[in-house]
Student: 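Could you have a look at this structure, given as C-alpha coordinates, before my questions?
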Number of protein chains: 2
Amino acid sequence: MRKRPYVCGLDAAVDVIGGKWKVLIIWALDYQRCRFGELKRLVPGVSEKVLTQQLRELEADGIVHREIYDQVPPKVEYSLTELGEDLNTALKPLGAWGRNRLAALGELSLHERQQLTGR
Amino acid sequence: MRKRPYVCGLDAAVDVIGGKWKVLIIWALDYQRCRFGELKRLVPGVSEKVLTQQLRELEADGIVHREIYDQVPPKVEYSLTELGEDLNTALKPLGAWGRNRLAALGELSLHERQQLTGR
DNA sequence: ATCCCCACTGACCTCAAGGTAAGTACGCAC
DNA sequence: GTGCGTACTTACCTTGAGGTCAGTGGGGAT
(Lines give C-alpha, C1' and ligand atoms only; values in the text may rest on other atoms or scores of the structure.)
Protein backbone atom coordinates (compact mmCIF):
# COMPACT_ATOMS: atom_id res chain seq x y z
CA MET A 1 0.00 0.00 0.00
CA ARG A 2 0.90 3.63 -0.25
CA LYS A 3 1.79 5.94 2.60
CA ARG A 4 1.28 9.28 0.89
CA PRO A 5 -1.89 9.98 -1.14
CA TYR A 6 -1.59 10.91 -4.81
CA VAL A 7 -1.17 14.62 -5.35
CA CYS A 8 -1.87 14.54 -9.10
CA GLY A 9 -2.09 12.25 -12.11
CA LEU A 10 1.61 12.52 -12.75
CA ASP A 11 2.19 11.23 -9.27
CA ALA A 12 0.01 8.19 -9.94
CA ALA A 13 1.71 7.52 -13.28
CA VAL A 14 5.21 7.68 -11.82
CA ASP A 15 4.09 5.24 -9.15
CA VAL A 16 3.38 2.71 -11.91
CA ILE A 17 6.48 3.27 -14.03
CA GLY A 18 8.83 4.01 -11.14
CA GLY A 19 10.51 0.62 -10.86
CA LYS A 20 14.08 0.54 -12.05
CA TRP A 21 13.40 -1.52 -15.18
CA LYS A 22 9.72 -0.90 -15.83
CA VAL A 23 9.93 1.59 -18.68
CA LEU A 24 12.42 -0.67 -20.42
CA ILE A 25 10.06 -3.61 -20.04
CA ILE A 26 7.12 -1.59 -21.38
CA TRP A 27 9.26 -0.28 -24.19
CA ALA A 28 10.36 -3.80 -25.13
CA LEU A 29 6.80 -5.12 -25.09
CA ASP A 30 5.64 -2.37 -27.43
CA TYR A 31 7.44 -4.02 -30.30
CA GLN A 32 6.34 -7.61 -29.68
CA ARG A 33 4.79 -10.00 -27.24
CA CYS A 34 7.66 -11.73 -25.46
CA ARG A 35 8.57 -14.83 -23.59
CA PHE A 36 10.34 -14.45 -20.27
CA GLY A 37 13.73 -15.36 -21.68
CA GLU A 38 13.41 -12.99 -24.63
CA LEU A 39 12.50 -10.17 -22.28
CA LYS A 40 15.55 -10.96 -20.19
CA ARG A 41 17.69 -10.55 -23.28
CA LEU A 42 15.91 -7.37 -24.39
CA VAL A 43 16.41 -5.73 -21.00
CA PRO A 44 20.12 -6.26 -20.41
CA GLY A 45 21.19 -6.15 -16.78
CA VAL A 46 18.04 -7.31 -15.00
CA SER A 47 18.24 -10.29 -12.75
CA GLU A 48 15.57 -12.96 -13.14
CA LYS A 49 14.20 -12.26 -9.69
CA VAL A 50 13.68 -8.57 -10.27
CA LEU A 51 12.30 -9.09 -13.78
CA THR A 52 9.70 -11.43 -12.34
CA GLN A 53 8.90 -8.95 -9.58
CA GLN A 54 8.43 -6.01 -11.89
CA LEU A 55 6.36 -8.06 -14.32
CA ARG A 56 4.06 -9.13 -11.49
CA GLU A 57 3.65 -5.54 -10.37
CA LEU A 58 2.90 -4.39 -13.91
CA GLU A 59 0.41 -7.23 -14.21
CA ALA A 60 -1.24 -6.20 -10.92
CA ASP A 61 -1.48 -2.64 -12.25
CA GLY A 62 -3.14 -3.92 -15.41
CA ILE A 63 -0.33 -2.90 -17.75
CA VAL A 64 0.84 -6.29 -18.97
CA HIS A 65 -0.96 -9.53 -19.69
CA ARG A 66 0.58 -12.86 -18.73
CA GLU A 67 -0.34 -15.91 -20.74
CA ILE A 68 0.73 -19.35 -19.60
CA TYR A 69 0.90 -22.20 -22.08
CA ASP A 70 0.52 -25.56 -20.37
CA GLN A 71 3.60 -27.12 -21.91
CA VAL A 72 6.82 -28.79 -20.98
CA PRO A 73 9.24 -27.02 -21.12
CA PRO A 74 7.18 -24.13 -19.74
CA LYS A 75 6.17 -21.24 -21.98
CA VAL A 76 4.88 -17.89 -20.78
CA GLU A 77 4.18 -14.90 -22.98
CA TYR A 78 3.92 -11.31 -21.87
CA SER A 79 2.15 -8.58 -23.80
CA LEU A 80 0.78 -5.09 -23.23
CA THR A 81 -2.87 -4.72 -22.30
CA GLU A 82 -4.92 -1.92 -23.80
CA LEU A 83 -4.14 0.15 -20.72
CA GLY A 84 -0.47 -0.64 -21.22
CA GLU A 85 -0.61 0.55 -24.82
CA ASP A 86 -2.29 3.76 -23.68
CA LEU A 87 0.51 4.21 -21.20
CA ASN A 88 3.08 3.61 -23.89
CA THR A 89 1.43 6.22 -26.08
CA ALA A 90 1.49 8.66 -23.19
CA LEU A 91 5.18 7.92 -22.71
CA LYS A 92 6.15 8.67 -26.33
CA PRO A 93 6.63 12.45 -25.88
CA LEU A 94 8.73 11.79 -22.82
CA GLY A 95 10.85 9.38 -24.80
CA ALA A 96 11.30 11.99 -27.51
CA TRP A 97 12.34 14.56 -24.92
CA GLY A 98 14.88 12.10 -23.52
CA ARG A 99 16.24 11.36 -26.97
CA ASN A 100 16.82 15.08 -27.53
CA ARG A 101 18.59 15.25 -24.24
CA LEU A 102 20.76 12.29 -25.13
CA ALA A 103 21.60 13.92 -28.45
CA ALA A 104 22.54 17.12 -26.64
CA LEU A 105 24.72 15.19 -24.20
CA GLY A 106 26.26 13.29 -27.12
CA GLU A 107 27.19 16.53 -28.82
CA LEU A 108 28.72 17.76 -25.64
CA SER A 109 30.92 14.72 -25.29
CA LEU A 110 31.80 14.96 -28.99
CA HIS A 111 32.88 18.53 -28.33
CA GLU A 112 34.93 17.41 -25.37
CA ARG A 113 36.48 14.66 -27.47
CA GLN A 114 37.42 17.19 -30.15
CA GLN A 115 39.00 19.38 -27.52
CA LEU A 116 40.99 16.45 -26.21
CA THR A 117 42.17 15.20 -29.61
CA GLY A 118 42.90 18.78 -30.67
CA ARG A 119 45.72 19.02 -28.12
CA MET B 1 27.81 9.01 -12.27
CA ARG B 2 25.80 6.24 -13.90
CA LYS B 3 26.66 2.55 -13.95
CA ARG B 4 24.43 1.42 -16.80
CA PRO B 5 24.38 3.28 -20.12
CA TYR B 6 21.08 4.66 -21.42
CA VAL B 7 19.13 2.15 -23.46
CA CYS B 8 16.70 4.68 -24.92
CA GLY B 9 15.34 8.19 -24.52
CA LEU B 10 12.74 7.06 -22.02
CA ASP B 11 15.54 5.72 -19.90
CA ALA B 12 17.29 9.09 -19.95
CA ALA B 13 14.08 10.94 -19.14
CA VAL B 14 13.24 8.73 -16.19
CA ASP B 15 16.74 9.31 -14.88
CA VAL B 16 15.93 13.02 -14.66
CA ILE B 17 12.42 12.76 -13.18
CA GLY B 18 13.09 9.64 -11.09
CA GLY B 19 13.59 11.35 -7.72
CA LYS B 20 10.77 10.80 -5.28
CA TRP B 21 9.51 14.39 -5.37
CA LYS B 22 10.76 15.67 -8.70
CA VAL B 23 7.60 15.48 -10.77
CA LEU B 24 5.73 17.23 -7.98
CA ILE B 25 8.34 19.98 -7.94
CA ILE B 26 8.21 20.38 -11.71
CA TRP B 27 4.44 20.32 -11.60
CA ALA B 28 4.36 23.01 -8.91
CA LEU B 29 6.81 25.21 -10.81
CA ASP B 30 4.70 25.05 -13.96
CA TYR B 31 2.12 27.29 -12.37
CA GLN B 32 4.44 29.88 -10.92
CA ARG B 33 8.00 30.72 -10.00
CA CYS B 34 8.40 29.89 -6.34
CA ARG B 35 10.41 30.69 -3.28
CA PHE B 36 11.84 27.81 -1.31
CA GLY B 37 9.27 28.04 1.46
CA GLU B 38 6.36 28.21 -0.97
CA LEU B 39 7.63 25.12 -2.72
CA LYS B 40 7.86 23.35 0.60
CA ARG B 41 4.19 24.10 1.18
CA LEU B 42 3.20 23.12 -2.36
CA VAL B 43 4.94 19.75 -2.06
CA PRO B 44 3.59 18.44 1.22
CA GLY B 45 5.73 15.84 2.93
CA VAL B 46 9.19 16.74 1.67
CA SER B 47 11.85 17.50 4.21
CA GLU B 48 13.92 20.62 3.64
CA LYS B 49 17.05 18.60 3.08
CA VAL B 50 15.59 16.45 0.35
CA LEU B 51 13.83 19.38 -1.29
CA THR B 52 17.16 21.18 -1.52
CA GLN B 53 18.83 18.05 -2.90
CA GLN B 54 16.27 17.46 -5.60
CA LEU B 55 16.26 21.12 -6.59
CA ARG B 56 20.04 21.05 -6.96
CA GLU B 57 19.86 17.95 -9.11
CA LEU B 58 17.16 19.49 -11.29
CA GLU B 59 19.30 22.60 -11.56
CA ALA B 60 22.33 20.51 -12.57
CA ASP B 61 20.18 18.83 -15.23
CA GLY B 62 19.14 22.22 -16.57
CA ILE B 63 15.47 21.84 -15.64
CA VAL B 64 15.11 24.59 -13.03
CA HIS B 65 16.68 28.00 -12.64
CA ARG B 66 17.74 29.27 -9.24
CA GLU B 67 17.79 32.99 -8.63
CA ILE B 68 19.29 34.39 -5.46
CA TYR B 69 18.31 37.85 -4.28
CA ASP B 70 20.99 39.41 -2.12
CA GLN B 71 18.68 40.34 0.72
CA VAL B 72 18.21 39.87 4.40
CA PRO B 73 16.21 37.78 5.15
CA PRO B 74 17.38 35.60 2.25
CA LYS B 75 15.18 35.21 -0.83
CA VAL B 76 15.64 32.54 -3.50
CA GLU B 77 13.30 31.96 -6.40
CA TYR B 78 13.01 28.81 -8.47
CA SER B 79 11.55 28.63 -11.96
CA LEU B 80 11.49 26.26 -14.92
CA THR B 81 14.04 26.78 -17.67
CA GLU B 82 13.00 26.39 -21.31
CA LEU B 83 14.19 22.79 -21.15
CA GLY B 84 12.12 22.33 -18.02
CA GLU B 85 9.03 23.66 -19.77
CA ASP B 86 9.67 21.27 -22.67
CA LEU B 87 9.88 18.46 -20.15
CA ASN B 88 6.66 19.57 -18.55
CA THR B 89 4.95 19.59 -21.94
CA ALA B 90 6.25 16.08 -22.58
CA LEU B 91 4.88 15.02 -19.20
CA LYS B 92 1.33 16.28 -19.87
CA PRO B 93 0.08 13.10 -21.64
CA LEU B 94 1.50 11.00 -18.83
CA GLY B 95 -0.28 13.18 -16.30
CA ALA B 96 -3.52 12.74 -18.22
CA TRP B 97 -3.04 8.96 -18.26
CA GLY B 98 -2.45 9.01 -14.53
CA ARG B 99 -5.56 11.11 -13.94
CA ASN B 100 -7.63 8.57 -15.85
CA ARG B 101 -6.13 5.84 -13.73
CA LEU B 102 -6.95 7.74 -10.57
CA ALA B 103 -10.50 8.22 -11.78
CA ALA B 104 -10.78 4.49 -12.45
CA LEU B 105 -9.39 3.66 -9.02
CA GLY B 106 -11.75 6.19 -7.47
CA GLU B 107 -14.74 4.53 -9.09
CA LEU B 108 -13.55 1.20 -7.83
CA SER B 109 -13.33 2.38 -4.26
CA LEU B 110 -16.72 4.08 -4.63
CA HIS B 111 -18.07 0.73 -5.79
CA GLU B 112 -16.47 -1.00 -2.84
CA ARG B 113 -17.93 1.61 -0.51
CA GLN B 114 -21.38 1.01 -1.97
CA GLN B 115 -20.97 -2.72 -1.47
CA LEU B 116 -19.93 -2.13 2.13
CA THR B 117 -22.72 0.31 2.99
CA GLY B 118 -25.21 -1.87 1.10
CA ARG B 119 -24.81 -4.65 3.64
C1' DA C 1 13.60 37.95 26.22
C1' DT C 2 11.60 34.62 23.32
C1' DC C 3 9.96 32.90 19.33
C1' DC C 4 9.36 32.31 14.37
C1' DC C 5 10.82 32.88 9.57
C1' DC C 6 14.11 32.74 5.79
C1' DA C 7 17.03 29.11 3.11
C1' DC C 8 19.66 26.23 3.88
C1' DT C 9 23.81 22.48 5.78
C1' DG C 10 25.67 18.42 8.09
C1' DA C 11 25.70 14.20 10.93
C1' DC C 12 23.45 10.25 11.64
C1' DC C 13 20.10 6.49 10.84
C1' DT C 14 16.56 3.43 8.51
C1' DC C 15 14.59 0.57 5.35
C1' DA C 16 13.09 -1.28 1.30
C1' DA C 17 14.43 -1.90 -3.53
C1' DG C 18 17.36 -4.33 -5.81
C1' DG C 19 21.43 -7.73 -6.41
C1' DT C 20 23.56 -12.58 -5.74
C1' DA C 21 23.47 -17.19 -5.77
C1' DA C 22 21.44 -21.41 -5.29
C1' DG C 23 17.54 -24.62 -5.88
C1' DT C 24 13.29 -26.75 -8.65
C1' DA C 25 11.31 -30.09 -12.12
C1' DC C 26 11.15 -31.59 -16.55
C1' DG C 27 12.89 -32.59 -21.47
C1' DC C 28 16.23 -32.78 -25.08
C1' DA C 29 20.77 -33.07 -27.21
C1' DC C 30 25.42 -34.88 -27.10
C1' DG D 1 25.40 -38.90 -17.31
C1' DT D 2 26.41 -34.19 -17.95
C1' DG D 3 24.92 -30.00 -19.27
C1' DC D 4 21.60 -26.63 -21.13
C1' DG D 5 17.14 -24.23 -21.54
C1' DT D 6 12.52 -23.24 -19.71
C1' DA D 7 10.38 -19.98 -15.95
C1' DC D 8 10.59 -19.23 -12.08
C1' DT D 9 11.24 -19.17 -6.15
C1' DT D 10 13.76 -18.57 -1.89
C1' DA D 11 17.16 -17.01 1.42
C1' DC D 12 20.44 -13.81 2.23
C1' DC D 13 23.03 -9.51 1.63
C1' DT D 14 24.22 -4.67 0.04
C1' DT D 15 23.49 -0.07 -0.99
C1' DG D 16 22.01 4.40 -1.39
C1' DA D 17 17.98 7.33 -1.44
C1' DG D 18 15.53 9.41 1.61
C1' DG D 19 14.10 10.66 6.61
C1' DT D 20 15.23 12.93 11.33
C1' DC D 21 17.01 16.28 13.85
C1' DA D 22 19.91 19.91 15.25
C1' DG D 23 22.37 24.06 14.03
C1' DT D 24 23.22 28.86 11.44
C1' DG D 25 22.56 34.09 11.67
C1' DG D 26 20.15 38.00 11.20
C1' DG D 27 15.36 40.48 11.22
C1' DG D 28 10.86 41.35 12.76
C1' DA D 29 6.76 40.43 15.60
C1' DT D 30 4.78 39.56 20.45
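Since this is a predicted model, take the numbers as computed values, not measurements. Throughout, protein chains are lettered first and strands after them, A, B, ... in sequence-line order, and every chain is numbered starting at 1.
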Student: What are the bounds, 5' to 3', of the part of DNA chain C that sits under 4.0 Å from heavy atoms of chain B?
Tutor: dC6(C) to dA11(C)
Student: Mind listing the side-chain donor-acceptor pairs of residues 68-78 of chain A below 3.5 Å, one per line with the distance, residues two or more places apart or on another chain?
Tutor:
from, atom 1, to, atom 2, distance (Å)
Y69(A), OH, E77(A), OE1, 3.2
E77(A), OE1, R33(A), NH1, 2.3
Y78(A), OH, R66(A), NE, 3.2

Student: Would you mind writing out the side-chain donor-acceptor pairs for residues 58-65 of chain B within the sub-3.5 Å range, not counting sequence neighbours?
Tutor:
none

Student: Mind jotting down which residue pairs meet the salt bridge (Lys or Arg N to Asp or Glu O under 4.0 Å) criterion with at least one end in residues 79-94 of chain B? Sequence neighbours excluded, please.
Tutor: D30(B)-K92(B)
Student: Do the non-hydrogen side-chain atoms of T89(B) and W97(A) ever get within less than 4.5 Å of each other?
Tutor: no
Student: Which residue, V72(A) or E57(A), contacts DNA chain C at a nucleotide closer to its 5' end, judged by nearest heavy atom?
Tutor: E57(A)
Student: Do any pairs count as a salt bridge (Lys or Arg N to Asp or Glu O under 4.0 Å) and have a residue in residues 8-17 of chain B, sequence neighbours left out, and if so which ones?
Tutor: R2(B)-D11(B), R2(B)-D15(B), R4(B)-D11(B)
Student: Taking only residues at least two apart or on different chains, which pairs with a member in residues 15-61 of chain B satisfy ring-ring contact (aromatic ring centres under 6.0 Å, His included)?
Tutor: W27(B)-Y31(B)
Student: Identify, residue by residue, the members of residues 5-34 of chain A with a heavy atom below 4.0 Å from DNA chain C, and return them in order of residue number, or none.
Tutor: G19(A), K20(A), W21(A)
Student: For every nucleotide of nucleotides 1-11 of chain D, 5' to 3': is a protein heavy atom under 4.0 Å from its base (B), only from its sugar-phosphate (S), or from neither (-)?
Tutor: -----BSBBBB
Student: Under the side-chain contact (heavy atoms from CB on, under 4.5 Å) test, which residues partner V14(B), sequence neighbours left out?
Tutor: V23(A)
Student: Table please: side-chain donor-acceptor pairs of residues 41-50 of chain A below 3.5 Å, with sequence neighbours left out.
Tutor:
from, atom 1, to, atom 2, distance (Å)
S47(A), OG, V50(A), N, 3.3
E48(A), OE2, K40(A), NZ, 2.8

Student: Under 4.5 Å between any side-chain heavy atoms of L29(B) and S79(B), yes or no?
Tutor: no
Student: How would you list, by chain and number, every residue that makes a side chain to side chain donor-acceptor pair (under 3.5 Å) with E57(A), sequence neighbours excluded?
Tutor: K22(A)
